[in-house]
Enquirer: 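A single structure is presented below for examination.
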Amino acid sequence: MSLLNDLINLNLSDVTEKSIAEYIWIGGSGMDLRSKARTISGPVSDPSKLPKWNYDGSSTGQAPGEDSEVILYPQSIFPDPFRRGNHILVMCDAYTPDGEPIPTNKRHNAAKIFSHPDVVAEEPWYGIEQEYTLLQKDVKWPVGWPVGGFPGPQGPYYCGIGADKAFGRDIVDAHYKACLYAGVNISGINGEVMPAQWEFQVGPSVGISAGDQLWVARYILERITEIAGVVVSFDPKPIQGDWNGAGAHTNYSTKSMREDGGYEVIKKAIEKLGLRHKEHIAAYGEGNERRLTGKHETADINTFLWGVANRGASIRVGRDTERAGKGYFEDRRPASNMDPYVVTSMIAETSILWKP
């Protein structure tokens, strides 16, 4: 194994200027990440300098077998924490050979919203709290839990320490550092209320970069759990019963909200979000009805409610924002399996562009 590790960690810069680009895209389910690698002639920092590439869309549920070619367009570049050196991760979106975005390409429409002059002028900032659950590979049961059984009730696990409270911290810390290496603006991590459930936060990120960064952070997490022989689940309610679900709370502000008088802008934006509650819920992740029950720090899926410091609300406003009269709010409705391109652009569209 030591020889294998030596080869994996070979420093290629001593012998060649060539480097490896790992092209990443989203598969047909909307949550399955795919990737493949190609050799490039030298270091690249501008995605427009990278070649487009193709893949077999019939094997990812994104094209028929008789016309299976799908084209990858490189969109953003991150240093590769696995290969290191000049090697890169490349977040892509997918198009037909005629240049049309395929149906599962949600980035394309998000980019159009974020390039609208009114949205650009408001500089939308996002901070996304991504929750996830670590599962034992062969039984799909949370790590640290007795197989077929349950640990003690919730209470000691949130931000807990100790071998009987924190399960999988080595994976969490490896992911944290790998994201920092890759230039993902990861801002923190913590253990969650349900044991074996964790959270990382990405942001503040501006516009389309919020989606790019969260998808790459998910990719890095999937790769690390692959190495560790553990499965990561983004299911919004992985364990039924008296256990917290998993969300992707999305913190949001615009330039107008961050300036003096911004609290009134925040309240108007929340009012607009309430008017489009059903449309947002429909786009906020599959299986969310199992999580948004009105229990376990959620509002009922059919009810729109906002409040200050209320974790049982659809939208929470922080005490600091209320006190300062400006700041941000938190949309607590998105599920852990939401598409950040969809959620971030939809919040911007409703709060900035939509006219009731």
Side-chain angles (χ1 to χ4, degrees), residues 29-33 128-176 186 188-202 214 217-218 220-250 281 284-303 305 310-314 316 330 332-338:
S29 74
M31 269 304 291
D32 58 315
L33 283 162
I128 302 174
E129 305 169 30
Q130 176 68 71
E131 295 178 338
Y132 61 93
T133 308
L134 297 175
L135 304 179
Q136 302 168 55
K137 180 168 68 75
D138 296 327
V139 293
K140 302 296 174 63
W141 197 243
V143 298
W145 290 36
V147 176
F150 297 88
Q154 296 184 151
Y157 308 109
Y158 172 70
C159 297
I161 59 170
D164 58 343
K165 302 180 190 72
F167 309 135
R169 189 185 297 275
D170 53 347
I171 292 171
V172 175
D173 280 347
H175 175 250
Y176 196 172
I186 186 169
I189 56 98
N190 60 268
E192 269 303 330
V193 177
M194 188 183 86
Q197 189 182 90
W198 295 82
E199 174 184 298
F200 65 89
Q201 303 94 34
V202 171
L214 190 72
R218 285 174 172 176
I220 292 170
L221 180 58
E222 292 263 21
R223 286 282 306 275
I224 290 171
T225 53
E226 173 191 320
I227 293 166
V230 169
V231 174
V232 59
S233 171
F234 295 104
D235 189 289
K237 185 72 173 180
I239 305 295
Q240 296 304 307
D242 194 18
W243 303 98
N244 274 36
H249 302 157
T250 301
I281 286 294
Y284 274 16
E286 291 188 18
N288 213 8
E289 71 282 353
R290 293 182 282 116
R291 167 180 163 261
L292 298 181
T293 62
K295 301 176 181 178
H296 303 112
E297 302 182 41
T298 70
D300 181 82
I301 194 167
N302 297 309
T303 303
L305 172 71
N310 183 358
R311 295 184 184 276
S314 312
R316 180 184 69 87
E330 175 192 45
R332 298 178 60 81
R333 297 171 296 173
S336 50
N337 59 0
M338 63 82 156

Enquirer: What's the shortest heavy-atom distance between Trp243 and His296, and which atoms?
Expert: N-NE2, 3.7 Å
Enquirer: Please check: side-chain N/O of Thr225 versus main-chain N/O of Val231, any donor-acceptor pairing under 3.5 Å?
Expert: no
Enquirer: Could you check whether any side-chain heavy atom of Lys237 comes within less than 4.5 Å of a side-chain heavy atom of Asp235, counting everything from C-beta outward?
Expert: yes
Enquirer: Considering only heavy atoms from C-beta outward, does the side chain of Met338 approach that of Thr250 to under 4.5 Å?
Expert: yes
Enquirer: Quick check: does any side chain N or O of Arg291 sit under 3.5 Å from a backbone N or O of Thr298, one acting as donor and the other as acceptor?
Expert: no
Enquirer: Is there side-chain contact between Pro236 and Tyr284, with at least one heavy-atom pair below 4.5 Å?
Expert: no
Enquirer: With sequence neighbours left out, which residue pairs that include part of residues 142-161 fulfil the side-chain hydrogen bond (donor to acceptor under 3.5 Å, both in side chains) condition?
Expert: Gln154-Asn244
Enquirer: Show every side-chain hydrogen bond (donor to acceptor under 3.5 Å, both in side chains) that has at least one partner inside residues 160-176, sequence neighbours left out.
Expert: none
Enquirer: May I have all residue pairs that pass side-chain hydrogen bond (donor to acceptor under 3.5 Å, both in side chains) and include part of residues 132-142, sequence neighbours excluded?
Expert: none
Enquirer: Treating Asp242 as the side-chain partner and Pro153 as the backbone partner, does any N or O pair qualify as donor plus acceptor under 3.5 Å?
Expert: no
Enquirer: Please determine whether the number of non-hydrogen atoms from other residues, nucleotides or ligands lying under 6.0 Å from atom CD1 of Ile227 exceeds 12.
Expert: yes
Enquirer: To the nearest 0.5 angstrom, please state how far the CZ atom of Arg316 sits from the CZ atom of Arg332.
Expert: 6.5 Å
Enquirer: Of all residues at least two apart in sequence or in a different chain, which pass the side-chain contact (heavy atoms from CB on, under 4.5 Å) check with Ala246?
Expert: Glu131, Gln197, Ser336
Enquirer: How many angstroms lie between CD1 in Ile186 and CD1 in Ile128, if you round to the nearest 0.5 Å?
Expert: 12.0 Å
Enquirer: List for me each residue that meets side-chain contact (heavy atoms from CB on, under 4.5 Å) alongside Asp32, sequence neighbours excluded, and say none if there are none.
Expert: Ser29, Arg34
Enquirer: How far does CZ of Arg333 sit from CG of Leu305, to the nearest 0.5 angstrom?
Expert: 11.0 Å
Enquirer: For the OG1 atom of Thr293 and the CD1 atom of Ile301, what is their distance to the nearest 0.5 Å?
Expert: 10.0 Å
Enquirer: Rounded at 0.5 Å granularity, tell me how far CG in Asn190 sits from CD in Gln201.
Expert: 5.5 Å
Enquirer: Distance check, rounded to the nearest 0.5 Å: His249 atom NE2 versus Glu330 atom CD?
Expert: 5.5 Å
Enquirer: Once salt bridge (Lys or Arg N to Asp or Glu O under 4.0 Å) is applied, do any residues pair with Arg223, and if so which ones, sequence neighbours excluded?
Expert: none
Enquirer: Around Glu286, counting heavy atoms of other residues, nucleotides and ligands shown, do more than 12 lie under 6.0 Å from its CD?
Expert: no
Enquirer: If I compare all heavy atoms of Ala335 with all of Gly285, which pair ends up nearest, and what's the gap?
Expert: CB-CA, 4.2 Å
Enquirer: Taking the side chain as every heavy atom from C-beta outward, state whether Ile171 and Trp198 have any atom pair closer than 4.5 Å.
Expert: no
Enquirer: If I compare all heavy atoms of Ala196 with all of Val143, which pair ends up nearest, and what's the gap?
Expert: CB-O, 3.4 Å
